[in-house]
Amino acid sequence: MQVRDSVVVVTGAGRGIGAALARRFAAEGAAGIVVSDVNGDSAAAVAAELGGNSVAVAADVTDAAQVAALVTAAESHFGPVDLFCSNAGVAFGRGMDASPADWATNLNVNLMAHVHAANAALPSMLSRGRGYFLNTASAAGLLMSPGDAPYNVSKHAAVAFAEWLSATYGDQGIGVSVLCPMGVRTDMLMPGIEQGETAALAVAAFGDILEPAAVASVVIDGLAAEQFHILPHPEVATFLQRKASDIDRWLSGMRRATAQLPR
């Protein structure tokens, strides 16, 4: 998947990883970029920074109609979507104290937004015999992050849905990558570290905290190689191998690591 001359949609692009992706896609020569965020002002600011080959569209990714409107906006401004980056996400840092509303929000943003993106973009991609999805999940979707049950479950579900998309449509010209970083310097993580939240401190303890621009660089390489797992923290692959080879030992290690974290 080459970004140059491609039409790209990026959700959650008003800040953090999404904004970094949009900037890098512009630098790579994308033909058009739809910069989307639930905060329309943030999306507009990033689009203004990128210039004429971008347009800002405010959207709530939990609303299927609004996600479909992103695809329509891309088609009307630039042409058919080549790459849909379903990047928006949430995390609350809650375990068994999470409310039903917390669970619903995590599942709607971290999982169903990917489903809405596929429903909106897949028909045109299939008719053309080509298209690509980059779904942002998390290393927590492959491993786990202590302290945040809804986040873990929703990110595992996001990875599972990406696997299903790839297995079902890969032979029809549809590429899928799932982005699974650990710690990234964003507004989703850093306030939790400052406030001493268990989930955020666990992320910081398990690996380096990367800048969003560094994640975007890894994404460009991963898309070019059409890797399913895009891992900005390469140690995640080692952790995943250990989990797969001996789940009981891995869980024992996670219990020890969790017990050492502030609560």
S.K.: Any donor and acceptor pair, going by atom type alone, linking the side chain of Ser54 with main-chain N or O of Leu50 inside 3.5 Å?
M.R.: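 No.
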
S.K.: Are Asp102 and Ser99 linked by a side-chain donor-acceptor pair shorter than 3.5 Å?
M.R.: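 Yes, Ser99 and Asp102 have a side-chain donor paired with an acceptor closer than 3.5 Å.
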
S.K.: Is a donor on one side and an acceptor on the other found under 3.5 Å between the side chain of Ser36 and the backbone of Thr11?
M.R.: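 The answer is no, because no donor-acceptor pair under 3.5 Å joins these two groups.
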
S.K.: Distance-only check: which donor-acceptor pairs under 3.5 Å involve side-chain atoms of residues 22-31, not counting sequence neighbours?
M.R.:
unit_1: Arg23; atom_1: NE; unit_2: Glu49; atom_2: OE1; d: 3.2
unit_1: Arg23; atom_1: NE; unit_2: Glu49; atom_2: OE2; d: 2.7
unit_1: Arg23; atom_1: NH2; unit_2: Glu49; atom_2: OE1; d: 3.3
unit_1: Arg24; atom_1: NE; unit_2: Glu28; atom_2: OE2; d: 2.9
unit_1: Arg24; atom_1: NH1; unit_2: Ser217; atom_2: OG; d: 2.6
unit_1: Arg24; atom_1: NH2; unit_2: Glu28; atom_2: OE2; d: 3.1

S.K.: For the pair Asp248 and Lys243, find out whether any cationic side-chain nitrogen is under 4.0 Å from an anionic carboxylate oxygen.
M.R.: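 No, this pair does not count.
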
S.K.: With the 4.5 Å side-chain cut-off for hydrophobic clustering, are Val176 and Leu223 part of the same group?
M.R.: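 Per the 4.5 Å side-chain linkage, Val176 and Leu223 are not co-clustered.
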
S.K.: Decide whether a cation-pi geometry holds between Arg242 and Phe239; the criteria are a distance under 6.0 Å from NZ or CZ to the six-membered ring centre and an angle within 45° of the ring axis.
M.R.: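 Judged by the rule, Arg242 and Phe239 form no cation-pi pair.
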
S.K.: Looking only at non-hydrogen atoms, find the nearest pair between Ala98 and Trp103 and report the distance.
M.R.: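 Taking Ala98 first and Trp103 second, the nearest heavy atoms are CB-NE1, 3.7 Å.
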
S.K.: In Å and rounded to the nearest 0.5 Å, what is the CD to CE distance from Gln172 to Met125?
M.R.: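 Spacing of CD (Gln172) from CE (Met125) equals 13.0 Å.
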
S.K.: Among side-chain atoms of Asn110 and Ser154, is any donor-acceptor pair under 3.5 angstrom?
M.R.: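 There is such a pair (donor and acceptor under 3.5 Å, judged by atom type) between the side chains of Asn110 and Ser154.
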
S.K.: Are Trp250 and Met182 connected, step by step, through hydrophobic side chains (Ile, Leu, Val, Met, Phe, Trp, Tyr) whose heavy atoms are closer than 4.5 Å?
M.R.: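 In one cluster with Trp250: Met182, yes.
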
S.K.: Do Arg130 and Asp82 meet the salt-bridge criterion of a basic N to acidic O distance under 4.0 Å?
M.R.: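 Arg130 and Asp82: salt-bridged.
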
S.K.: Can you check whether Ala68's main-chain N or O pairs, donor with acceptor, with Thr72's side chain at less than 3.5 Å?
M.R.: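 Looks like yes, one N/O pair under 3.5 Å.
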
S.K.: Within a strict 4.5 Å, meaning less than it, do heavy atoms of the Leu21 and Val219 side chains meet?
M.R.: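 In contact.
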
S.K.: Could you walk me through whether Leu83 and Val7 satisfy the side chain to side chain contact (heavy atoms under 4.5 Å, CB included) test, starting with their C-alpha distance in whole Å, then the side-chain angles of each, then the deciding distance to 0.1 Å, before giving a yes or no?
M.R.: CA-CA 6 Å; Leu83 171 63; Val7 175; over 6 Å; no

S.K.: For Arg249, does the CZ atom sit with more than 12 other heavy atoms under 6.0 Å from it, leaving out its own atoms?
M.R.: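 Open: at most 12 neighbouring heavy atoms sit under 6.0 Å from CZ of Arg249.
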
S.K.: Quick one: closest heavy-atom pair of Ser76 and Ala73, and the distance?
M.R.: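 It is OG-O, 2.9 Å.
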
S.K.: Where do Ala216 and Ala20 come nearest, in terms of heavy atoms and distance?
M.R.: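 Heavy atoms of Ala216 and Ala20 come nearest at CB-O, 3.7 Å.
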
S.K.: Can you tell if the side chain of Val10 reaches within under 4.5 Å of the side chain of Val35, non-hydrogen atoms only?
M.R.: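 The answer is no; the side chains never approach within 4.5 Å.
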
S.K.: Mark yes or no for whether Gln66, through its side chain, and Val61, through its backbone, hold a donor-acceptor pair below 3.5 Å.
M.R.: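 Flag not set: sc Gln66 to bb Val61 has no pair under 3.5 Å.
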
S.K.: If we only count heavy atoms from C-beta on, is the Met112 to Val115 side-chain gap below 4.5 Å?
M.R.: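 They are in contact (side-chain heavy atoms under 4.5 Å apart), so the answer is yes.
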
S.K.: Val34 vs His77, test: side chain to side chain contact (heavy atoms under 4.5 Å, CB included). Steps then yes/no.
M.R.: CA-CA 9 Å; Val34 176; His77 282 88; 6.0 Å; no

S.K.: Is it the case that one hydrophobic cluster holds both Ile33 and Val46, taking links as side-chain heavy atoms less than 4.5 Å apart, direct or via other members?
M.R.: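 Ile33 and Val46: one cluster.
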
S.K.: Are Val184 and Ile17 packed together at the side-chain level, in the sense that at least one heavy-atom pair is separated by less than 4.5 angstrom?
M.R.: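 Of all side-chain heavy-atom pairs linking Ile17 with Val184, at least one is under 4.5 Å.
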
S.K.: Any side-chain heavy-atom pair from Ile174 and Leu122 closer than 4.5 angstrom?
M.R.: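 SC-SC contact between Ile174 and Leu122 confirmed.
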
S.K.: Look only at the side chain of His233 and the backbone of Asp208, and say whether a donor-acceptor pair between them is shorter than 3.5 Å.
M.R.: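 Confirmed, His233 side chain pairs with Asp208 backbone.
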
S.K.: Cluster question for you: counting only ILVMFWY and a side-chain heavy-atom cut-off of under 4.5 Å, with indirect links fine, are Val153 and Trp164 together?
M.R.: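 No, because Val153 and Trp164 fall into different hydrophobic clusters, even though each may have its own neighbours under 4.5 Å.
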
S.K.: Within this structure, what is the CG-NZ distance for the pair Asp148 and Lys155, rounded to the nearest 0.5 Å?
M.R.: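 So the gap between those two atoms works out to 10.5 Å.
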
S.K.: Return the minimal non-hydrogen interatomic distance between Ala19 and Gly14, and the atom names on each side.
M.R.: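 Minimum heavy-atom contact is CB-C, 4.1 Å.
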
S.K.: Identify which one of Ile230, Leu231, Leu179 satisfies the side-chain contact (heavy atoms from CB on, under 4.5 Å) criterion when paired with Val218.
M.R.: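 When side-chain contact (heavy atoms from CB on, under 4.5 Å) is applied between Val218 and each of Ile230, Leu231, Leu179, only Ile230 qualifies.
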
S.K.: Testing the basics here: between Phe78 and Val55, what is the closest heavy-atom pair and its distance to 0.1 Å?
M.R.: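 Shortest heavy-atom contact: CE1-CG1, 3.7 Å.
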
S.K.: Keeping Asn39 on the side-chain end and Asp37 on the backbone end, is there a donor-acceptor pair under 3.5 Å?
M.R.: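 No: the side chain of Asn39 does not pair with the backbone of Asp37.
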
S.K.: Check whether any side-chain heavy atom of Ser86 sits under 4.5 Å from a side-chain heavy atom of His114, and report yes or no.
M.R.: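 Side chain of Ser86 against side chain of His114, heavy atoms only: contact under 4.5 Å found.
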
S.K.: Going from CZ on Arg4 to CD1 on Ile220, what distance comes out if it is rounded to the nearest 0.5 angstrom?
M.R.: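 Arg4 CZ to Ile220 CD1: 10.5 Å, rounded to 0.5 Å.
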
S.K.: With rounding to the nearest 0.5 Å, note down the distance linking CG in Leu240 to CD in Glu235.
M.R.: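 Here the rounded value is 12.5 Å.
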
S.K.: Crowded around Asp171 CG? As in, over 12 foreign heavy atoms under 6.0 Å?
M.R.: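 No - once you tally the heavy atoms of other residues, nucleotides and ligands closer than 6.0 Å, there are 12 at most.
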
S.K.: Please tell me whether Val215 and Phe84 are part of a single hydrophobic cluster in this structure, the criterion being side-chain heavy atoms less than 4.5 Å apart.
M.R.: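 Different hydrophobic clusters.
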
S.K.: Does the side chain of Val8 come within less than 4.5 Å of Val81's, by heavy atoms?
M.R.: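 Val81 does not reach Val8 side chain to side chain.
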
S.K.: Is a side-chain N or O of Ser166 found less than 3.5 angstrom from the main chain of Glu163, in a donor-acceptor match?
M.R.: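 Judged by distance alone, no pair lies under 3.5 Å.
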
S.K.: Using residues 131-142 as the side-chain source, report each donor-acceptor pair under 3.5 Å to any protein atom, sequence neighbours left out, with the distance given to one decimal.
M.R.:
unit_1: Tyr132; atom_1: OH; unit_2: Ser177; atom_2: OG; d: 2.7
unit_1: Thr136; atom_1: OG1; unit_2: Asn87; atom_2: OD1; d: 2.9
unit_1: Ser138; atom_1: OG; unit_2: Ala140; atom_2: N; d: 2.9
unit_1: Ser138; atom_1: OG; unit_2: Tyr151; atom_2: OH; d: 3.3

S.K.: Considering all heavy atoms of both residues, which atom of Val159 and which atom of Phe228 are nearest to each other, and what is their separation?
M.R.: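 Scanning both residues, the minimum pair turns out to be O-CZ, 4.3 Å.
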
